[in-house]
Amino acid sequence: MSTGMTGRTEQAPVREVGRARTRKEDARLVTGQTTWTDNMTVPGLLHVAILRSPLAHARIERVDASPALEREGVVAVFTGADLAAGLGSLPCAWQVTEDMILPEHPAVAVDEVRYVGDPVAVVVARDRYAAADALEDVWVDYEPLPPVLDLEAALAEDAPLVHADKGSNRCYTWPLVSGDYETARGQADVVLRRRHHQQRLIPNAMEPRACVVVPVPSTGEYTLYSSTQIPHIVRIMMALTTGIPEQKLRVVAPDVGGGFGSKLQVYGEDAICLALARTLGQPVKWTESRSESYQAQHHGRGQIQDIELAATSDGRLLGMKADILADMGAYLMIITPGTPLLGAFMYPGIYKMDAYDFHCTGVFTTRTPTDAYRGAGRPEATFAIERTMDELAAELGLDPLELRRRNWIRHEEFPFTTVAGLTYDSGDYAAATDRATALFGYADLRAEQRARHANADPVRLGIGVSTYTEMCGLAPSRILGSLRYAAGGWEAASIRVLATGKVEVITGTSPHGQGHVTAWSQIAADVLGVPFEDVEVMHGDTRVAPQGMDTYGSRSLVIGGIAVHEAALKVVAKARKLAAHLLEASEDDLDFADGVFSVRGSPDARKTIQEVAFAAFAAHDLPEGMEPTLNAEHLLDPDNFSYPHGTHLCAVEVDTETGAVAIRSYVCVDDVGRVVNPMIVEGQVHGGVAQGIAQALYEEAVYDDAGNLVSGTMADYLVPAAPDLPDLVTDRTETPATSNPLGVKGVGEAGTIASTPAVVNAIMDALRPLGVRDVRMPCTPERIWRAVREAADSESSRKEDAS
Amino acid sequence: MIPAKFDYARPQSAEEAVRVLADAGPEAKVLAGGQSLLPILRLRLSFPELLVDVGALGALRGVREEGQELAVGALTTHHDMVHDPLVRAHAGLLARAAATIADPAVRHRGTLGGSLAHADPAGDLPAVCLAMDATMVALGPQGYRTIPAAEFFVDYLQTALRPDELLTEIRFPVLDGWGYHYEKFHRTAQAWAVVGVAAAVRRERNGGGIAEARVGLVNMGARPLRAHLTETALAGAEPTRETIGRAATMAAEGAHPPTDLSGSAEYREHLARVLTRRALLAAAGAA
Amino acid sequence: MVSPAKDQAPMPRASVARISVNVDGVDHRDEVEPRLLLVHYLRDTLGRTGTPIGCDTGNCGACTVDLDGATVKSCQVLAVQADGGRVTTIQGLAGPDGAWHPLQTAFHEQHALQCGYCTPGMIMAARDLLRETPDPTPEQVRDALEGNLCRCTGYQNIVRAVLAAAAELRRQGAPEPRGQGVDVPQVSGQEAPA
Ligand SMILES: Cc1cc2nc3c(=O)[nH]c(=O)nc-3n(C[C@H](O)[C@H](O)[C@H](O)COP(=O)(O)OP(=O)(O)OC[C@H]3O[C@@H](n4cnc5c(N)ncnc54)[C@H](O)[C@@H]3O)c2cc1C
Ligand code: FES
Ligand code: FES
């Protein structure tokens, strides 16, 4: 991965990387001097409100907008038919198989609505109150059609269709087969089958979405301000969808209040607002309410997983089979079909086995489309393997950690090519597990658990294990190509060295809470030998950072951060050339440390990088052929993914009378390679684990039989608050990645991926002695209570049968 | 997100408020703390033509001791009740339950009167008032009338208040010497009760048997309930785990709890029994 | 135009109201629709956009501000209800010299924010707690923030930050007094009696 063209500055002491720097981002955020998209106002700004379908599936018979037009303050009303001429279908960038069904996806429905929340009409008014009012006066006649909600029933021959013209609700079936699973199965002493349900989740970034479009009618230029994680991708896709030439479209992601995948999307509302600004020649703004966002932002997860593990009686894994049904929702959005496949490679987890057989079928339903939510495919995969490993351990009478030890890839076996075909570059699963069990007090908790069981304590103790790894750092372009994804996975960085020696870093990543401004400053400061404070990081505006692939999939540091590192090395190489020229020395005789070039053997002959920067700017005396700048850019395409790993241990107390679960202790030991900023890493782990716990215990997008989203407001969809979450004990082991020069691995999703199975395994560990076989997520008190009661009932009927 | 248009009035006295309500007819609504009303208006689930903001009626906020009763103004906030020394001393159950409502910011605004007039069966305070045998004082065009808690809650979100009546005060018989406990089962800290149980127990002198037990149930039907069979079973009983446990098994008799996102009717019945036992054990000091 | 201003004979009803509100030390007089939410008044009318909006049901707490000495969710209050009142937002917390409030400093130092969207509300809610309970336990901090949702941090560093700020405020001497206008007995934040 080295650029190969510069002498590495290995001798520069590492000062910034590894330091718990407080964040440069914070000053504006803690004082309220923010630039959230909804804050923005411009002269002549019009406000947009969107009328959405109240039905899961229906034909639109008639839309009458005229009463709305009569209302005070209303400027215009548009139906789907009105907008269809100027807007193409919303894009899906991932044709996962050749025969994948890709339905048309209009930003505003024209003849048919396919989920509750599907846009039907758009109102433009002079203020947001008038726009909201006018929605009451757009009249729509619907002819109801049958909803499609059950993934298995949807695949039946005679099932009603979400897209009648496509002939099937089966979007695709995608296989990944390695080795001979049937043979493995035949050799197995134990074949364990389990079905897991991944409930639908709503990502719930705290900032609802908003967009503002400012047009310049005379030149045909448009600026789209959008609360997005992916301004660069949005620019390309909006150019294609709206027909606005790409060079005339600027996309800005101002301060963005969280994303977690929900803002990794090319949403219809951005396209609608561009179309409205083009038609009306005036700036427009749309801001969603939370309840609206629950219907209109994509959801995550939504899978049924049939998992089979084949093993020997002493617990050696022979093979794994995974049959997945994945809920696409009503339409395919940017990576809807590919999201479950991002997990396809991770079902085998950290374990060695001979055969792996994976099939995923995408299914259309009349629900909000699904797409990436923190972890995107990998949490599902990790849950499946880690939950099923615990079940296998129980089946074999082994301690769950012991079963894992017998199967995991040993430290000395790296790099290791897994049965799924990935090459894990590095890892030390034993080290992380040993550290975690020590911090957790594993043996003591096991003893307490036995004692409580012996006393038939109504509050049971359970211990959950999750030894996860994941693939992140999305992604090597050639692999994305081989998976039929439309774009690549490179990242861009450029560095401008100003005349005064101050530095501007321009990154193609688009942070929304991850602290790139701070971390990139640390990386650049180290390589360039300039003070941390002298570095300014710019991002999230296609005019400022013209190239980029944005922020998702824990890719920013391992690709974008490394690109900054490489660009900085190029700057140093240029500076070295100029310094050598100024010092009348050979480049090879120059040392570079702490921002100072010095001639080896004559310590007084030195130039600071700031002096060199000024000399480049003045350009009075440059080496032959050198341009008057130290600026450099680097586009980095990674060779491999990044594979963080770790061991999470969770202890829960389950009140078997009420079904209530309390997390008593939670230990995470993560290995994310070298760490640029430990404080930021810890924060990512905290937040990630919180979201994973939320999936295990609290959250679910619930639909009724008619296809209504019943958990439709924040009062019903339970995002946990501070009292609902535990204090975590966090620690790290550090096995440097070998795939990049800093040895770093991604950390954005690891906590979410690791924690869900740890919590559910703990609950099951508490309840298994009572005869409970499974509890579906979220493990609500009622579900636990029912599981305990049913187990007790079948226990007593067994006893009756026996007598 | 945004309420529909309405007119607004801010009367300066309770009498004036009632006059405005009477003039406006059934399309007018009282605005107290707004913590239930505003979300409803924002989600456009209701379209009143006039809001009568009673926020200026300082006389309706505060707590007085009147003989064997505590008079709590309808505009007394949840936060006030949690902190008020008189409430804490003589109606601790009320303070205890109020402390479990929502969060501090909501408790700063939400009022006792609003909670009762709203009559959400998942609300904590209606069942507490029922268990404490509170009396509601309402002012209408014809003057004041009193309504016993047992007659106040009529149905889901419905009370005995007429559209032109203002709830002004709630009178609680002081429960000095009673033990009490509020047991709320909810899925997250901020969430409403799946089921809640308000229990109060008076023991015979010198720590003897149970003289009287009261149990109010939250979210066990369209309106708050008393667990009468449980109460009867405990009158005169010894406060042992066994008697209390047995009495608690009757807590859900006759209740018709809802099935919704946070629980099925069957689960709620089960919870009512378990929580009643726990609340009574704590209230009787037998836990 | 009718107006229910206090010094006039109260009108039975009005479709526009004249209000005067002090926001972060500045007096404002405006005519507003009665339905205007306080948070929209702050953001859209006054341009005080430091206070964001995260929900439509009063659950998220992003919009938390101080009204007359006690926190409110400004999406759960009408602008007319704040008439004659004094509002403090995140933008009014720093001292006159721009010096940060100890909570602002602590949130920064303890990495208690990532995207920062919840931060104004969190800080306002924490400030309210520390006025009543200058030396809270971690559990009290968590309970006091139960109406403020954060999706990024898992809350652990927020709790740390509030405890650090509490220590700093105690070190500096008297924590901020409650503002005028609310008659709340100064009972420390202990549990209601059992
Ligand atoms: C996020 C959140 C969580 C909550 N959680 C809980 C909870 O767990 N438990 C709980 O019990 N409550 C909860 N609440 C509701 C809260 O307790 C409300 O404060 C209370 O229900 C209503 O009181 P209010 O003063 O705000 O009434 P308002 O919202 O002003 O009014 C409610 C209704 O009562 C009428 N009304 C109000 N006062 C009078 C009066 N004096 N005379 C006649 N009619 C009147 C109004 O017209 C309206 O119909 C929650 C609220 C929120 C926003
Ligand atoms: S915006 Fe006010 S509580 Fe969510
Ligand atoms: S920091 Fe992002 S929501 Fe709290």
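By convention in this document, chain letters (A, B, ...) are assigned in the order of the sequence lines, proteins followed by strands, and residues within each chain are numbered from 1.
With chain A as partner, the option from Gly154(C), Cys115(C), Cys55(C) having the largest number of non-hydrogen pairs under 4.5 angstrom is Cys115(C). Options Arg374(A), Gln684(A), Gln33(A), Arg128(A) differ in how many heavy-atom pairs under 4.5 Å they form with chain C, and the most are formed by Arg128(A).
Contacts of residues 159-167 of chain C with chain A at a heavy-atom distance below 4.5 Å involve Arg160(C), listed in sequence order. Against chain A, the residues from residues 41-50 of chain C that qualify, each with a non-hydrogen atom under 4.5 angstrom away, are Arg43(C), Asp44(C), Thr49(C), Gly50(C) in number order. Within residues 510-519 of chain A, the residues approaching chain C closer than 4.5 Å by heavy atoms are, in numerical order, His512(A), Gly513(A).
Side-chain atoms of Arg151(C) come within 3.5 Å of backbone atoms of Pro203(A) as a donor-acceptor pair (strictly under, hydrogens ignored). Remark: side-chain polar atoms of Tyr117(C) are not paired, donor with acceptor, to backbone N or O of Ala205(A) under 3.5 angstrom. A distance-only check finds a donor-acceptor pair linking the side chain of Gln114(C) to the backbone of Gly683(A) [under 3.5 Å]. Counting only distance, with no hydrogens or angles, the side chain of Arg142(C) and the backbone of Leu725(A) share a donor-acceptor pair below 3.5 Å. Between the side chain of Glu146(C) and the backbone N or O of Pro723(A) there is no donor-acceptor pair closer than 3.5 Å.
Annotation: side chain of Leu113(C) is in contact with side chain of Arg23(A) (closest heavy-atom distance under 4.5 Å). Inter-residue side-chain proximity for Met714(A) and Leu149(C) is flagged as met; some heavy-atom pair is nearer than 4.5 Å.
Using a 4.5 Å cut-off between heavy atoms, Val256(A) touches chain C through its backbone atoms (N, CA, C, O) alone.
By the salt bridge (Lys or Arg N to Asp or Glu O under 4.0 Å) test, Asp255(A) is found to be paired with Arg28(A), residues two or more places apart in sequence or in another chain being considered.
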